[in-house]
Amino acid sequence: MKYYSTKNKDHFVDLRTAVLKSLPPDNGLYMPEQINPLSKNFFTYLDKMSLQDIAYEACRQFLDEDFSGAQIADIANEAINFAAPVVTLNDHLSIQELWHGPSLAFKDFGARFMANIMGRLVADEDRKLTILVATSGDTGGAVAAGFLGVEGVEVIILYPKGKVSPLQEKQLTTLGQNITALEVDGTFDDCQTMVKTAFLDQEINDQYLLSSANSINIARLIPQSFYYFEGYKEVMDGDTPVNFCIPSGNFGNLTAGILAMRMGLPINRLIAATNVNDVVPRYLNSGSYDPVESVQTVSNAMDVGNPSNFRRIENLFDHSWSSIKDVILGYRYTDEETCAAVKEVNDQHNYMIDPHGAVGYLAAQEYAQDHGGQKTVILETAHPAKFLPVMEPILGKIDVPDRLAVLSDKEKSAISISTDFDPFKGWLLSRG
Ligand SMILES: *Cc1c(COP(=O)(O)O)cnc(C)c1O
């Protein structure tokens with residue numbers, strides 16, 4: 001399979017270029033040349049397949065020019081080595097837990113898969129690959145865990161001092177090995193600017209083979225389609241289509257749902273659930289896309305004012321608003337509504353949902369009121385223990401899973417830097 005830029009449908013690159021470069025030079029986004037439906041056989045045997053089997057079948061067409069069948073099976077088995085179980089709330093509502101990976105958020109699917117592929121692609125390069133990434137929270141943790149110990153790749157993470165949660169900071173700063181954390185005395189935007197400037201700097205590029213690990217990399221998008229098949233498998237009833245409800249920020253997760261549909265998965269509607277950063281729900285209602293500055297909320301991983309995957313969604317529907325809104329419905333909620341939903345899900349269903357999942361729960365309920373009670377799977381994007389300052393005032397003391405709890409005793413190791421580009425560049429160049 002080849003990949004094209006959303007800005008130029010005639011310019012094709014191979015998977016290696018799309019993954020290692022991340023972004024096309026024309027500032028578009030890479031997309032697979034085509035998305036073929038999976039075979040009838042696949043759907044006949046879906047209910048007997050493991051998540052790893054599904055991963056193999058669903059990614060084969062995207063990787064087949066660069067990797068053999070056996071290599072693709074290894075990638076699927078190594079990267080997707082944790083479950084995505086479904087919990088039933090009632091006849092029509094289920095929750096799919098996407099947080100069973102190392103960093104306790106769904107971003108582990110994308111990060112582990114991308115890290116595995118990049119590790120294989122750089123094995124043929126004579127230089128080490130350096131991943132430079134700016135993070136405001138969850139991305140850094142998933143990327144650090146995903147790349148930990150991957151040969152031929154080092155990761156440098158820039159994060160804003162005092163602006164990530166204590167546990168998130170531990171996820172970035174305690175791994176060691178090939179992961180280095182830079183604590184920047186500035187904001188997330190400052191970190192992002194420093195990374196972007198480094199990518200454009202000739203001297204740095206002469207010394208380093210640089211790549212980014214941000215959420216627009218096509219290798220992060222493909223594996224996010226896997227769990228839609230798994231979720232469908234768990235709730236399916238004949239071949240009746242199912243809805244998926246997706247708590248959304250940058251809309252990578254929802255875009256992967258469109259990929260799954262194009263691969264033939266019987267999805268009725270994709271329900272886009274947002275906090276007050278509601279540029280996409282507004283677009284779905286009005287047809288006009290008006291990005292704004294993001295606002296901070298209790299579901300902070302969805303605080304995005306201009307979702308980067310929106311361009312992919314438009315591209316997949318040939319820029320037709322009416323085709324988009326036939327498939328995607330959007331709902332938005334305030335922090336007050338979100339916190340009330342955390343409590344409601346706990347009281348009525350005895351289930352602890354995180355603030356992002358709670359936004360999804362509200363949207364799934366509202367959708368059911370408007371359109372009747374078809375089966376809907378709500379994607380639970382992170383473990384509630386990642387958000388103690390929001391959760392504990394609502395539900396009281398929360399048990400922290402071991403893989404998070406052990407972090408509190410680990411020693412933080414980070415290099416403090418200012419937002420000035422020159423000392424950062426000097427540090428990079430002096431590492432040799
Ligand atoms: C990143 C993230 C989201 C948003 O996902 P997108 O693919 O950016 O829409 C939602 N919830 C959590 C917990 C996240 O970490």
Return a table of donor-acceptor pairs under 3.5 angstrom between the side chains of residues 295-305 and protein atoms on other chains or two or more places apart.
| from | atom 1 | to | atom 2 | distance (Å) |
| --- | --- | --- | --- | --- |
| Thr297 | OG1 | Asn275 | ND2 | 2.9 |
| Thr297 | OG1 | Ser299 | N | 3.1 |
| Thr297 | OG1 | Ser299 | O | 3.3 |
| Thr297 | OG1 | Ser299 | OG | 3.3 |
| Thr297 | OG1 | Asp303 | OD1 | 2.7 |
| Ser299 | OG | Asn275 | ND2 | 3.0 |
| Asp303 | OD1 | Asn275 | ND2 | 2.9 |
| Asp303 | OD1 | Asn277 | ND2 | 3.4 |
| Asp303 | OD2 | Thr297 | N | 2.9 |

Report all side-chain donor-acceptor pairs from residues 105-118 shorter than 3.5 Å, counting only partners two or more places apart or in another chain.
| from | atom 1 | to | atom 2 | distance (Å) |
| --- | --- | --- | --- | --- |
| Asp108 | OD1 | Ser103 | N | 3.3 |
| Asp108 | OD1 | Ser103 | OG | 2.8 |
| Asp108 | OD2 | Ser103 | N | 2.8 |
| Asp108 | OD2 | Ser103 | OG | 3.2 |
| Asp108 | OD2 | Leu104 | N | 3.3 |
| Arg112 | NE | Ala79 | O | 2.9 |
| Arg112 | NE | Asn81 | OD1 | 3.4 |
| Arg112 | NH2 | Glu78 | O | 3.0 |
| Asn116 | OD1 | Arg120 | NE | 2.7 |
| Asn116 | ND2 | Glu78 | OE1 | 2.8 |

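No side-chain donor-acceptor contact under 3.5 Å links Asn309 and Thr255. Side chain to side chain, Ser5 and Asp26 meet the donor-acceptor criterion of an N or O pair below 3.5 Å. Side chains of Asn253 and Tyr227: a donor-acceptor N/O pair is present below 3.5 angstrom, by distance only. In summary, the side chains of Asn315 and Tyr4 do present a donor paired with an acceptor at a separation below 3.5 Å, with no hydrogens or angles considered. The closest side-chain donor-acceptor pair between Tyr289 and Asn306 falls under 3.5 angstrom. For the 3.5 Å distance criterion, the side chains of Asp14 and Thr17 qualify, holding a donor opposite an acceptor.
Annotation for Asp206: atom CG counts as buried by contact number, over 12 foreign heavy atoms lying within 6.0 Å. Heavy atoms of other residues, nucleotides or ligands lying less than 6.0 angstrom from CG of Asp126 number 12 at most.
Partners of Ser94 by side-chain contact (heavy atoms from CB on, under 4.5 Å), not counting sequence neighbours, listed by chain and number: Val86, Thr88, Val235. Among residues two or more places apart in sequence or in another chain, the ring-ring contact (aromatic ring centres under 6.0 Å, His included) test is passed with Tyr367 by His371. Under the rule for a ring-ring contact (aromatic ring centres under 6.0 Å, His included), Tyr333 has no partner lying at least two apart in sequence or in another chain. A search for ring-ring contact (aromatic ring centres under 6.0 Å, His included) contacts involving Phe424 returns Phe421, not counting sequence neighbours.
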